[in-house]
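Reviewing the structure listed below.
Along the sequence shown, residues carry numbers from 1. Whatever order the structure lists them in is the order used to number ligands and atoms, beginning at 1.
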Amino acid sequence: MASEQPQEPVQPSLQTEENQTLDIDEDVVHDDTDSAYASSIAGTDSHTLSSSILAYTYENGRRYHAFRDGEYMLPNDEAEQDRLDLLHHIFRMIAGGTLYRAPIAQDKPPQRILDVGTGTGLWAIELADEFPNAQVIGTDLSPIQPSWVPPNCLFYVDDAESQWTYEPHEAFDFIHGRSLCGCFADWPKFYRQAYRNLKPGGWMEMQEHACWVQADDETQEQAAWVTEWCSEMDFASRKFGKRLNVAHEHRAWMEQAGFADVREEVHKVPIGTWTKGKKLKEMGYIHREEMLDAVEPFTMALYTRVMSYSLDQTRIVIEGVKRDLKDPKLHLYVNYHFVWGRKPEHAPF
Ligand SMILES: C[S@@+](CC[C@H](N)C(=O)[O-])C[C@H]1O[C@@H](n2cnc3c(N)ncnc32)[C@H](O)[C@@H]1O
């Protein structure tokens with residue numbers, strides 16, 4: 001068992017939310033069922049494309065993409081799609097309702113936009129609605145996007161780890177990726193390809209949650225299941241070759257690839273309603289639901305395939321972690337990073 005410390009080093013240069021503290025609501029200790037917040041969760045209804053060329057693998061009751069062995073560790077089934085739609089809602093709430101933080105429409109509206117690893121495509125669909133004159137392209141290993149989409153939104157099956165083959169006249173004004181932790185073995189290569197496929201002056205934005213649950217007080221030690229799990233998941237994902245806990249590294253990767261004016265925001269998002277404040281409570285409630293849905297898909301493949309735990313052992317860990325996440329006495333949260341930068345105007349095209 002790895003006993004690594006949280007992979008979330010203090011970053012003194014963060015632009016905002018630097019010393020964000022989450023105030024504890026002392027009344028939330030015993031009952032955390034939060035029926036008042038349940039109504040704020042939108043139901044999701046994903047219509048998936050089907051095709052005879054789809055190849056899926058079924059394992060431990062979940063459906064996985066089977067493009068290439070060991071390509072991606074999370075399932076792509078309906079339950080996972082529902083989780084992604086919930087996560088979309090969380091990212092929007094954190095960003096104050098917006099889909100992006102980069103000033104993409106400051107000079108002139110973007111014409112061509114790429115969403116890498118688009119998942120259920122919600123981000124791409126909503127951005128296509130916001131910029132009806134732009135073409136928005138979403139790519140993913142899995143064709144799990146809906147078929148009824150705005151006419152300026154297109155989805156393609158594509159592996160972003162392979163060589164990007166866009167022609168120079170197809171360069172983008174904006175490239176976006178969200179929640180892509182665990183997707184790529186070589187992140188600097190991903191950033192180099194994105195940089196190359198942007199127009200000079202074009203923007204890139206990455207939105208990513210840490211894969212590390214933490215607390216700022218003594219309740220960290222009481223969250224034994226969660227703490228051990230984070231450490232083990234980090235170890236397992238490194239062994240798999242696609243690290244999960246990379247959110248705090250995007251800024252450096254973006255700068256190394258040559259991006260200018262790189263900025264980063266980090267937001268602490270509580271798990272549960274233990275914080276003060278209506279907005280944080282609502283966000284914490286939804287976040288905890290999403291986290292509870294995430295534990296099994298994140299853990300199953302890494303624990304059984306990579307770490308060779310038995311199914312029973314894995315299930316015990318999953319239940320222990322969920323118990324910690326539901327415990328209102330624990331002041332747990334996850335850091336969400338928004339990082340954006342611009343390809344310099346003078347950059348060769
Ligand atoms: C956690 S989901 C995030 C989806 C979406 N960006 C969102 O925020 O809802 C990660 C997505 O990346 C896709 N993915 C994983 N590896 C990929 C690769 N090499 N190329 C393209 N997509 C990939 C997965 O199929 C999955 O849909």
Side-chain angles (χ1 to χ4, degrees), residues 42 44 46 48-49 54-57 62-95 98-100 113-127 136-146 153 155-166 174-187 189-191 193-194 197 204-211 233 237 240-247 250 286-287 290-291 293-298 301-302 334 336-338:
T44 55
S46 302
T48 57
L49 295 172
L54 296 181
Y56 293 141
T57 297
R62 302 299 300 251
R63 189 189 72 190
Y64 292 84
H65 179 76
F67 203 64
R68 231 169 33 206
D69 193 30
E71 195 164 51
Y72 184 50
M73 63 186 84
L74 293 181
N76 65 2
D77 52 23
E78 295 279 330
E80 175 66 358
Q81 292 171 38
D82 286 351
R83 182 186 77 80
L84 292 181
D85 290 347
L86 210 48
L87 195 58
H88 171 76
H89 188 49
I90 293 167
F91 272 107
R92 277 203 85 145
M93 283 181 88
I94 300 168
T98 65
L99 291 163
Y100 51 85
I113 298 164
L114 175 65
D115 184 30
V116 182
T118 194
T120 59
L122 266 188
W123 185 91
I125 291 166
E126 289 177 15
L127 200 76
V136 182
I137 294 173
T139 59
D140 202 286
L141 292 175
S142 291
I144 54 171
Q145 301 76 35
C153 182
F155 292 117
Y156 296 118
V157 171
D158 194 22
D159 178 1
E161 287 201 295
S162 60
Q163 208 58 33
W164 295 16
T165 55
Y166 301 101
F174 185 35
I175 296 180
H176 166 266
R178 191 179 65 186
S179 192
L180 298 184
C181 53
C183 289
F184 306 138
D186 186 347
W187 278 98
K189 179 183 171 194
F190 167 74
Y191 274 102
Q193 300 221 74
N197 285 277
M204 172 161 202
E205 176 162 336
M206 292 299 290
Q207 303 181 3
E208 191 84 274
H209 55 75
C211 286
M233 291 291 285
S237 71
F240 183 74
K242 294 183 176 181
R243 287 168 50 208
L244 278 173
N245 196 31
V246 296
H250 284 296
I286 298 170
H287 190 214
E290 186 276 325
M291 289 285 296
D293 288 347
V295 178
E296 195 220 336
F298 270 81
L302 285 177
V334 171
Y336 278 65
H337 296 242
F338 292 69

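- Across all non-hydrogen atoms, the minimal contact from Gln193 to Ala160 is NE2-O, 3.9 Å.
- When all heavy atoms of Thr120 and Ile125 are compared, the pair lying nearest together is O-CD1, 4.4 Å.
- Contact annotation for Thr120 and ligand 1: no heavy atom of the residue comes within less than 4.0 Å of the ligand.
- Not a single heavy atom of Phe91 sits under 4.0 Å from any atom of ligand 1.
- In terms of protein heavy-atom proximity, atom 10 (C) of ligand 1 is nearest to Tyr72 OH, 3.2 Å.
- Comparing Glu208, Arg178, His88 by heavy-atom distance to atom 9 (O) of ligand 1, the nearest is Arg178.
- In this structure, the protein non-hydrogen atom closest to atom 21 (C) of ligand 1 is Asp158 O, 3.3 Å.
- Looking from atom 6 (N) of ligand 1 to the surrounding protein, the closest heavy atom is Gly117 O, 2.7 Å.
- Ranking protein heavy atoms by distance to atom 15 (C) of ligand 1, first place goes to Cys183 SG, 3.2 Å.
- Closest protein heavy atom to atom 19 (N) of ligand 1: Asp159 OD1, 2.8 Å.
- Here the protein heavy atom with the shortest distance to atom 1 (C) of ligand 1 is Ser179 O, 3.2 Å.
- Cys211 approaches Cys181 most closely through the heavy-atom pair SG-SG, 3.7 Å.
- Remark: distances from the non-hydrogen atoms of Leu141 to ligand 1 include one below 4.0 Å.
- A side-chain N or O of Ser142 and one of Asn76 form a donor-acceptor pair less than 3.5 Å apart.
- Applying the 4.0 Å criterion to heavy atoms of Leu84 picks out, from ligand 1, the atoms 1 (C), 2 (S), 3 (C).
- Of all non-hydrogen atoms in Leu86 and Asp293, the two that sit nearest each other are CD2-OD2, 4.2 Å.
- When all heavy atoms of Phe91 and Ser179 are compared, the closest pair comes out as CE1-CB, 4.3 Å.
- In this structure, the side chains of Leu244 and Leu302 come closer than 4.5 Å at one or more pairs of heavy atoms.
- Salt bridge absent: Glu296 and Arg83 never bring a charged side-chain N and a carboxylate O closer than 4.0 Å.
- The protein heavy-atom contact nearest to atom 20 (N) of ligand 1 is Ala160 N, 2.9 Å.
- With Asp140, Ile144, Ile90, Asp85 as candidates, the residue nearest to atom 25 (O) of ligand 1 on a non-hydrogen basis is Asp140.
- Side chain of Trp123 to main chain of Leu99: a donor-acceptor pair is present (N/O by atom type, distance under 3.5 Å, no hydrogens or angles).
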